[in-house]
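Below is one structure; the comments refer to it alone.
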Amino acid sequence: TKHIKARYFNITDKVDSGDLELRYEPTESMWSDILNKPKQGQAFREFRAFLMNVPKNYDDEVERLRTPADLLPREGSRVDTDTLITAAKGLMSTGDKARGNYRSVL
């Protein structure tokens with residue numbers, strides 16, 4: 001809790017001195033909410049347009065038709081999970097494993 005107190009009082013000091021201005025921001029305008037809350041309809045399209053820099057009326061099917069065929073994924077292609085697991089295991093050296101300094105990448 002010590003770091004929370006320091007952070008709180010640092011922020012209140014900045015606000016009191018006029019270096020920092022706080023303002024209310026309604027949930028509907030917080031674009032990061034789309035990363036952890038499901039949105040639907042117009043709200044989804046607006047947030048997607050903002051984050052992906054696409055028009056609000058963006059249509060995947062239209063974009064697929066506009067994209068050259070060699071840039072599209074091949075039909076039936078899938079990721080080979082065995083190859084990914086082998087590559088990930090190769091990235092973790094035995095020295096790191098002995099010290100416990102590794103983390104799972106999958």
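FYI, the numbering just counts along the sequence from 1.
Within 6.0 Å of CG in D19 there are more than 12 heavy atoms belonging to other residues, nucleotides or ligands. The neighbour count for Q42 CD, taken as heavy atoms of other residues, nucleotides or ligands under 6.0 Å away, is above 12. Heavy-atom contacts from other residues, nucleotides or ligands closer than 6.0 Å to CD of E63 number more than 12.
Grouping the Ile, Leu, Val, Met, Phe, Trp and Tyr side chains by contacts below 4.5 angstrom, directly or via other members, places F50 with F44.
Distance check, rounded to the nearest 0.5 Å: CZ of F47 to NZ of K56 gives 10.5 Å. How far CD of E61 is from CZ of R66: 11.5 Å, rounded to the nearest 0.5 Å.
Of the residues I11, D16, N10, the one that meets the side-chain contact (heavy atoms from CB on, under 4.5 Å) test with K14 is N10.
Electrostatic pairing of R48 and E46 does not count as a salt bridge here, judged by no charged N lying under 4.0 Å from a carboxylate O.
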